[in-house]
Undergrad: 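So that we are looking at the same thing, I have put the structure below in structure tokens.
Note that the numbering runs from 1 along the sequence shown for the chain. Just so you know, these numbers use all the heavy atoms, side chains as well, and skip hydrogens, waters and symmetry mates.
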Amino acid sequence: MRLKNIGKNSEIHKSSNIKCKILKIGDNVVIEKGVKLTGEKITIEDQVVIKSNTHITSKLIKIGKKSKIDSNSKINVLGNFIIGNRSDLCYCNIKARNIKIGNDFFSSVAPQQILDIGGGNSQNPKSNLIIGDRCVIHDVMINLAMPVTIGNDVGISHGTQFYTHYFWNSIFDGYTRKF
């Protein structure tokens with residue numbers, strides 16, 4: 001790290017690993033055991049909790065005030081991973097080019113379930129996800145072969161799946177390959 005700024009009363013477990021050029025951690029942040037954060041610029045605002053064994057890799061990581069990321073989450077984003085204030089990200093597996101999640105986001109999963117974002121071609125130049133403010137998303141699968149935008153005040157129920165490509169259609173049967 002070249003530039004490091006850590007706020008008051010913040011706790012980073014000794015088994016956690018943070019690799020970046022610029023690091024800014026606010027006040028009262030808790031980073032539990034086994035957390036791995038890798039990026040060029042990492043900003044974690046006040047009162048954030050990152051639960052144990054979570055791995056986040058992204059060029060830019062920004063986590064808003066009073067947000068939480070659940071244990072064992074795997075987030076691999078090539079560009080920017082941004083999550084707004086007062087947001088709660090459940091156990092998840094995310095692969096994408098860019099992710100932007102708004103303020104007051106809530107997600108949850110049933111036991112043995114996961115919030116799964118990515119899928120085939122999940123890191124191509126158009127594989128971006130934008131989620132607006134005040135959204136609730138449960139154990140959902142969002143394929144990001146193409147961009148997905150979810151507006152403000154949206155709720156998405158358990159087991160919902162979004163596909164942004166025609167993987168089930170055969171080109172030999174005359175189905176288009178356009179998105």
Side-chain angles (χ1 to χ4, degrees), residues 1-109 114-119 121-137 140 142 144 147-150 152:
M1 279 180 261
R2 284 192 283 179
L3 179 61
K4 179 169 122 176
N5 182 0
I6 298 177
K8 299 175 191 169
N9 301 318
S10 291
E11 300 174 25
I12 302 171
H13 193 275
K14 64 182 178 184
S15 68
S16 291
N17 187 357
I18 301 174
K19 294 181 184 177
C20 63
K21 292 179 182 174
I22 301 171
L23 174 66
K24 182 180 178 199
I25 295 179
D27 296 337
N28 303 304
V29 170
V30 176
I31 298 176
E32 293 185 355
K33 67 179 180 176
V35 170
K36 293 182 183 177
L37 304 176
T38 305
E40 289 183 21
K41 182 177 181 184
I42 299 174
T43 302
I44 301 171
E45 296 187 8
D46 297 342
Q47 300 178 3
V48 168
V49 176
I50 302 175
K51 304 292 267 178
S52 62
N53 301 312
T54 289
H55 299 178
I56 304 173
T57 301
S58 185
K59 186 174 182 178
L60 176 129
I61 299 169
K62 184 175 180 191
I63 303 171
K65 295 177 184 177
K66 297 183 180 181
S67 291
K68 182 184 86 157
I69 300 176
D70 236 351
S71 298
N72 301 309
S73 293
K74 305 292 182 243
I75 301 167
N76 186 0
V77 177
L78 293 177
N80 300 329
F81 174 72
I82 300 169
I83 185 165
N85 298 327
R86 300 169 306 281
S87 293
D88 189 345
L89 186 59
C90 66
Y91 170 51
C92 62
N93 181 28
I94 297 174
K95 295 178 189 160
R97 175 66 64 163
N98 293 290
I99 299 282
K100 183 178 181 189
I101 298 172
N103 295 320
D104 303 305
F105 173 79
F106 177 77
S107 64
S108 71
V109 293
I114 188 169
L115 174 63
D116 188 15
I117 299 172
N121 287 328
S122 63
Q123 294 185 333
N124 76 39
K126 295 182 179 182
S127 61
N128 301 310
L129 174 64
I130 298 171
I131 299 175
D133 294 334
R134 300 171 307 280
C135 290
V136 175
I137 297 177
V140 168
I142 302 173
L144 285 180
V148 173
T149 300
I150 298 170
N152 295 329

Undergrad: Looking only at non-hydrogen atoms, find the nearest pair between Ser52 and Val35 and report the distance.
TA: CA-CG2, 4.3 Å
Undergrad: With a 3.5 Å distance limit and no angle check, can you tell me whether Ser10 reaches the backbone of Gly26 through a side-chain donor-acceptor pair?
TA: yes
Undergrad: Indicate the atoms forming the closest heavy-atom contact of Asp70 with Thr54, along with that distance.
TA: O-OG1, 2.7 Å
Undergrad: Between Asp46 (side chain) and Asp27 (backbone), is there a donor-acceptor pair under 3.5 Å?
TA: yes
Undergrad: Got Thr57 and Phe81 here, is their nearest side-chain heavy-atom distance under 4.5 Å?
TA: no
Undergrad: Is it true that atom NZ of Lys66 has more than 12 heavy atoms of other residues, nucleotides or ligands lying nearer than 6.0 Å?
TA: no
Undergrad: Of all heavy-atom pairs between Ser73 and Tyr91, which one has the smallest distance, and what is that distance?
TA: OG-CA, 3.6 Å
Undergrad: With rounding to the nearest 0.5 angstrom, report the NZ to CG distance, Lys68 to Leu89.
TA: 9.5 Å
Undergrad: Between Lys74 and His55, is any pair of side-chain heavy atoms under 4.5 Å apart?
TA: yes
Undergrad: Closest approach of Cys90 and Val109, non-hydrogen atoms and distance?
TA: SG-CG1, 3.5 Å
Undergrad: About how many Å separate SG of Cys92 and CD1 of Ile69, when rounded to the nearest 0.5 Å?
TA: 7.0 Å
Undergrad: Give a yes or no answer on whether the side chain of Asn85 reaches the backbone of Lys65 with a donor-acceptor pair at less than 3.5 Å.
TA: yes
Undergrad: Is a side-chain N or O of Asn152 found less than 3.5 angstrom from the main chain of Asp133, in a donor-acceptor match?
TA: yes
Undergrad: For Leu37 and Leu23, what are the C-alpha separation, side-chain angles and deciding distance, and is it a side-chain contact (heavy atoms from CB on, under 4.5 Å)?
TA: CA-CA 10 Å; Leu37 304 176; Leu23 174 66; 6.0 Å; no
Undergrad: Which heavy-atom pair separates Ser58 from Gly79 by the least distance, and what is that distance?
TA: OG-O, 2.8 Å
Undergrad: Check the pair Glu45 / Lys62 against side-chain contact (heavy atoms from CB on, under 4.5 Å), numbers first and verdict last.
TA: CA-CA 8 Å; Glu45 296 187 8; Lys62 184 175 180 191; 3.2 Å; yes
Undergrad: CD1 of Ile42 to SG of Cys20: how many Å apart, nearest 0.5 Å?
TA: 4.0 Å
Undergrad: Between atom CD1 of Ile117 and atom CG of Asn76, what is the distance when rounded to the nearest 0.5 Å?
TA: 13.0 Å
Undergrad: Can you list the steps and then say if Ile75 with Ile99 is a side-chain contact (heavy atoms from CB on, under 4.5 Å)?
TA: CA-CA 10 Å; Ile75 301 167; Ile99 299 282; 6.0 Å; no
Undergrad: For Ser15 and Gly34, indicate whether the former's side chain and the latter's backbone hold a donor-acceptor pair under 3.5 Å.
TA: yes
Undergrad: Test side-chain contact (heavy atoms from CB on, under 4.5 Å) on Arg86 and Asn103; report intermediate values, then the result.
TA: CA-CA 6 Å; Arg86 300 169 306 281; Asn103 295 320; 4.0 Å; yes
Undergrad: Quick one, Ile137 and Ile150 - any side-chain contact, counting heavy atoms below 4.5 Å?
TA: yes
Undergrad: Nearest 0.5 Å, what's the CD1-CD1 distance between Ile114 and Ile94?
TA: 9.0 Å
Undergrad: For Ser127 and Arg97, indicate whether the former's side chain and the latter's backbone hold a donor-acceptor pair under 3.5 Å.
TA: yes
Undergrad: Mind listing the closest non-hydrogen atom pair of Ile44 and Ile31 along with its distance?
TA: CD1-CD1, 4.0 Å
Undergrad: Drop me the distance from Arg134's CZ to Ser87's OG, to the nearest 0.5 angstrom.
TA: 11.0 Å
Undergrad: Ignoring hydrogens and geometry, is there a side-chain-to-backbone donor-acceptor pair from Asn128 to Asn98 under 3.5 Å?
TA: yes
